[in-house]
Amino acid sequence: MADLWNIDPIPFVGKQDVKEGLGFRYFQPDKIVSGKPMADWLRFAVAYWHTFNQRLVDPFGAGTAQRPYDTFTDPMDLALAKVDHAFEFYRKLGVKFFCFHDRDLAPEGDTLRETNRNLDRVVDHVAELQAESGMTLLWNTSDLFTNPRFEAGAATSPFAKVHAYAGGQLKHSLEIAKRLGAQNYVFWGGREGYENLWNTDLKREQDHIATFFHKAVDYAHEIGLDAQFLIEPKPKEPTTHQYDFDAATAIAFLKTYGLDGDFRLNLEGNHANLAGHTYQHEIRVARAAGMLGSLDANQGDKLLGWDLDEFPSDLYETTAVMWEVLDEGSIGPRGGLNFDAKPRRTSFTAEDLFRSHVVGMDAFAAGLLVAAKMHEDHYIEDLVVERYGSYDSGLGARIDAGTASLAELEAESLDVPQANLLAATRPDHLESLKATVSNYIVEALAQA
Ligand code: XLS
Ligand code: NI
Ligand code: NI
């Protein structure tokens, strides 16, 4: 294929060069870690919107991005050229998965029919390049938030015609998922929330989006689409209050509306932080409910309070995430790590798109190596087993089984001197434990 990016495929360089940035220090797709090739644990995906469409704008200035397809002026020519560039980007970076919103691919027309026609032309081209390259669609989704018609929501819009439009758009997106063999299908509730309760029928809006999801499940069955449905929680931005606030809220919603059998969760690091959680917390909550589906890989910034979508570089966090994934056995039945991330405005060259993905991939590869070492040692697992050991026998075991009555608990407790109660617990040396994880990062990577 032509050298559209003017860059060589990214090699594995190991530790020979700490500064260069265009080589992997840790990511070796075929390296076996905890019984599986690294590539199978990580299943990295490139996000079409951030990588090929994002112009690096901010509220104070125009985009700075320089992209090799900027010379195309006709919107359809540009859309098709981007697909060529995208597939060459995937090849040079060495990723096997990609993700997109319908509106990332092609310009809208005057009607949904025209828009679909534009989209189908580009999807034809995606299908060709997919067949040539063996790339897998990790997930696709519908952009139900950019167009002004969605100002007050899509499936939760107070206006029936807008809900109808969203449904029509969704139908076509599901057909594309089927055609391109999507592994998952994501719903991030772009504008599905509210600004103010005085003008909002919260219950009715939630009923409507539940109906929307049920219709999606029905239609998937009808057309034989075998993709895992995923909800991507986020607490705020763009709306003041998003309905899919966090993992726990999304799980409660899915259970309330009988959708939990058909949906899992797609969890994003920066969204977790916006909800006041860690990435690890969100993953653990989803795991506890058996609903971990996939991950959007990015990180927030401690100093700035919005969805910055930074490329992940914090090894403590990637270690925690990969520890959860190793403990679970996989990211989810069909999950992957989608870089829902963009370079900063000052990193505006095409080369920075490669550099930033290398950073993210290496951060997760490193996290995997560290977490694998931790699992091997079983230190954390043993510590947790021991911490809850009092539930393994006697009264504890009966509490565990739910057979101990309150009277029994009272009898156990009535005459115990206050002074002895702390003795029934055990110190956890939490500060040392945190240092243990840091030490693992240093040691495991020194050995890698
Ligand atoms: C926005 C979301 C979005 C979804 C896909 O914050 O992360 O990018 O992943 O619609
Ligand atoms: Ni996000
Ligand atoms: Ni996301």
Side-chain angles (χ1 to χ4, degrees), residues 43-58 97-105 137-147 150 153-156 166 169-170 173-174 176-177 182-193 209 212-213 216 227-247 250 263-277 279 282-283 286 292-301 304-312 317 321 331-332 335-343 357 360 364:
R43 290 163 55 98
F44 290 126
V46 171
Y48 208 92
W49 53 105
H50 281 313
T51 310
F52 308 114
N53 290 351
Q54 171 63 246
R55 303 307 303 181
L56 308 181
V57 292
D58 74 12
F97 298 87
F98 65 114
C99 298
F100 64 83
H101 302 81
D102 45 7
R103 298 297 169 258
D104 299 341
L105 289 187
L137 181 56
L138 183 66
W139 51 262
N140 64 317
T141 181
S142 257
D143 173 346
L144 301 175
F145 44 89
T146 301
N147 191 290
F150 301 124
T156 64
Q169 196 176 323
L170 168 66
S173 263
L174 294 174
I176 290 170
Q183 303 265 296
N184 304 275
Y185 189 90
V186 164
F187 292 90
W188 166 59
R191 293 185 192 276
E192 314 292 24
I209 197 166
F212 194 75
F213 291 148
Q228 171 67 55
F229 281 115
L230 301 173
I231 299 248
E232 182 177 322
K234 180 174 183 179
K236 52 193 163 195
E237 198 209 55
T239 68
T240 308
H241 182 100
Q242 299 272 136
Y243 289 133
D244 300 323
F245 189 92
D246 62 359
F263 280 75
R264 284 173 175 257
L265 301 183
N266 182 42
L267 299 165
E268 179 166 321
N270 206 154
H271 295 182
N273 301 158
L274 290 176
H277 303 309
Y279 204 177
E282 287 294 85
I283 296 171
L292 177 60
S294 197
L295 297 172
D296 268 10
N298 67 14
Q299 70 183 25
D301 185 303
L304 302 172
W306 63 91
D307 197 11
L308 282 157
D309 296 328
E310 279 183 9
F311 274 88
E317 188 161 72
V321 169
I331 296 176
L337 280 164
N338 166 51
F339 288 110
D340 199 347
K342 57 173 184 279
H357 279 86
F364 270 98

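All ligand and atom numbering here is 1-based and tracks the order in the structure. Both backbone and side-chain heavy atoms feed into the values below; hydrogens, waters and symmetry mates do not.
- No other N/O/S atom of Glu232 lies as close to the Ni ion (ligand 3) as OE2 does.
- Put simply, NE2 on His50 and CZ on Phe311 are 8.0 Å apart, with the number rounded to the nearest 0.5 Å.
- Side chains of Asn298 and Glu268: a donor-acceptor N/O pair is present below 3.5 angstrom, by distance only.
- At a heavy-atom distance under 4.0 Å, only side-chain atoms of Asp296, from C-beta outward, approach ligand 1.
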Test log, rule side chain to side chain donor-acceptor pair (under 3.5 Å), inputs Asp296 and Asn266: CA-CA 7 Å; Asp296 268 10; Asn266 182 42; 3.2 Å; yes

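- Residue-ligand proximity: Val186 is placed with every non-hydrogen atom at 4.0 Å or more from ligand 1.
- Ligand 1 lies within reach of His271, whose nearest heavy atom is under 4.0 Å from it.
- Under a 4.0 Å criterion applied to the non-hydrogen atoms of Trp49, ligand 1 contributes the atoms 8 (O).
- For ligand 1, the polar-atom distance check finds an N/O of Asp340 within less than 3.5 Å of one of the ligand's N/O atoms.
- Counting heavy atoms from C-beta outward, Phe212 and Leu170 have side chains that approach closer than 4.5 Å.
- Ring orientation note: the planes of Trp49 and Trp139 are tilted relative to one another, at an angle of 30° to 60°.
- Using a 4.0 Å cut-off between heavy atoms, Lys234 contacts ligand 1 through its side chain alone, with no backbone atom that close.
- Ranking protein heavy atoms by distance to atom 5 (C) of ligand 1, first place goes to His101 NE2, 3.2 Å.
- Under a 4.0 Å criterion applied to the non-hydrogen atoms of Glu232, ligand 1 contributes the atoms 2 (C), 3 (C), 4 (C), 7 (O), 9 (O).
- Looking at Asp307, its N, O or S atom nearest to the Ni ion (ligand 2) turns out to be OD2.
- Distance CZ/Arg55 to CG/Asp58: 14.5 Å, rounded to 0.5 Å.
- Rounding to the nearest 0.5 Å places CG of Leu295 at 11.5 Å from CG of Asp340.
- Ring-plane geometry between Phe187 and Phe229 is classed as tilted, the angle between the planes lying from 30 to 60 degrees on a 0 to 90 degree scale.
- Which parts of ligand 1 touch Asp307 is read off a 4.0 Å heavy-atom cut-off, strictly below it: atoms 1 (C), 6 (O).
- His271 contributes NE2 as its N, O or S atom closest to the Ni ion (ligand 2).
- Using bins of under 30°, 30° to 60° and over 60° for the plane-to-plane angle, the ring pair Phe213/Phe263 lands in the tilted bin.
- For a distance bound of 2.8 Å, the N, O or S atoms of Glu268 include one lying that close to the Ni ion (ligand 2).
- The N, O or S atom of Asp340 lying closest to the Ni ion (ligand 3) is OD2.
- A distance of 9.5 Å separates CD in Glu237 from CZ in Arg191, rounded to the nearest 0.5 Å.
- Counting backbone and side-chain atoms alike, Asp296 contributes an N/O/S atom closer than 2.8 Å to the Ni ion (ligand 3).
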